[in-house]
Amino acid sequence: AVLSSLLGTAGGVALDVHDRGHGGDTSKIILDDFFTDALTFLDKVFDRSALLMFEVRNSVTAGVPEETILNEHIAYWKRASGAGFWCPAMTATPTGGATAGSDTPAGRVNQMIRNAAPYYTPKLIDCERIPEFAQAGSVANPTMYGDDVHLIDAGYAVLGRFFYDALIT
């Protein structure tokens, strides 16, 4: 519902936008649920299906090895594009107070996603480097987050604008 309203606000078509509600899930769970949660929304009639997935923090917090997280993202991108979705690579947003692009597990996975994206996806949406999230290009902007991890409405509005721009360019 959040993405749907934000795409509409940004000027996009918000009809048939579905949020599968994977908050708190690891990338493995999202990959495993692809056939029941994402594939059912593929639009072969109008060929306009886009699939956006970004998840790094939950996997890192769960202790999943960095290379495994990247491999799960690559598998998801391949599965989505093979099914007919336009599926860009996406880095995770920085957390409040963290340094964007830092040498932390999440920062390293984001860099791995950046490096792999050109080989597997049509586009990279670098959420970690969105200027509004990274004050002065380095420190995450805590005014975009409710709890240093989850975005508030202002943060989702920024994210929605970047999703929309990526979809139309």
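Atom set for the values below is all heavy atoms of this structure, side chains included, hydrogens, waters and symmetry mates excluded. These numbers were taken from a predicted model, which means no experiment stands behind them.
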Check: Is it the case that Gln111 and Arg108 place a side-chain donor and acceptor less than 3.5 Å from each other?
Finding: no

Item checked: Spacing of Glu72 atom CD and Arg79 atom CZ [to the nearest 0.5 Å] -> 10.5 Å

Next item on the list: Kindly work out whether a path of hydrophobic side-chain contacts (I/L/V/M/F/W/Y, heavy atoms less than 4.5 Å apart) joins Met90 to Met144.
Entry: yes

Check: Do Val64 and Met112 belong together in a cluster built from hydrophobic side chains that touch within less than 4.5 Å?
Finding: yes

Check: Rounded to the nearest 0.5 Å, what separation is found between the CD atom of Glu66 and the OG1 atom of Thr104?
Finding: 8.5 Å

Next item on the list: Compare every heavy atom of Ala106 with every heavy atom of Val56, then report the nearest pair and how far apart it is.
Entry: CG1-CA, 3.8 Å

Checklist line | Separation of Cys87 SG from Tyr120 OH (nearest 0.5 Å) | finding: 14.0 Å

Note to self: With side-chain contact (heavy atoms from CB on, under 4.5 Å) as the test, pick out the partner of Ile113 among Ile69, Asp126, Thr91.
What the structure shows: Thr91

Check: What is the minimum heavy-atom distance between Ile74 and Ala116, and which atoms define it?
Finding: CD1-CB, 4.3 Å

Checklist line | Closest heavy-atom pair and its distance - Ala92, Asn110 | finding: N-OD1, 2.8 Å

Margin query: If you compare all heavy atoms of Ala89 against all heavy atoms of Ala117, which two are closest, and at what distance to 0.1 Å?
Written below: CB-CB, 3.6 Å

Check: What are the two closest heavy atoms between Trp86 and Pro122, and how far apart are they?
Finding: NE1-CG, 3.3 Å

Next item on the list: Say whether Phe163 and Ile130 are linked into one hydrophobic cluster, either directly or through other cluster members, by side-chain heavy-atom distances under 4.5 angstrom.
Entry: yes

Check: Is there a chain of hydrophobic side chains (I, L, V, M, F, W, Y, each step under 4.5 Å between heavy atoms) that links Leu70 to Leu51?
Finding: no

Check: What distance do Tyr76 atom OH and Phe85 atom CZ have between them, rounded to the nearest 0.5 Å?
Finding: 7.5 Å

Checklist line | In one Ile/Leu/Val/Met/Phe/Trp/Tyr side-chain cluster, 4.5 Å: Leu124, Val109 | finding: yes

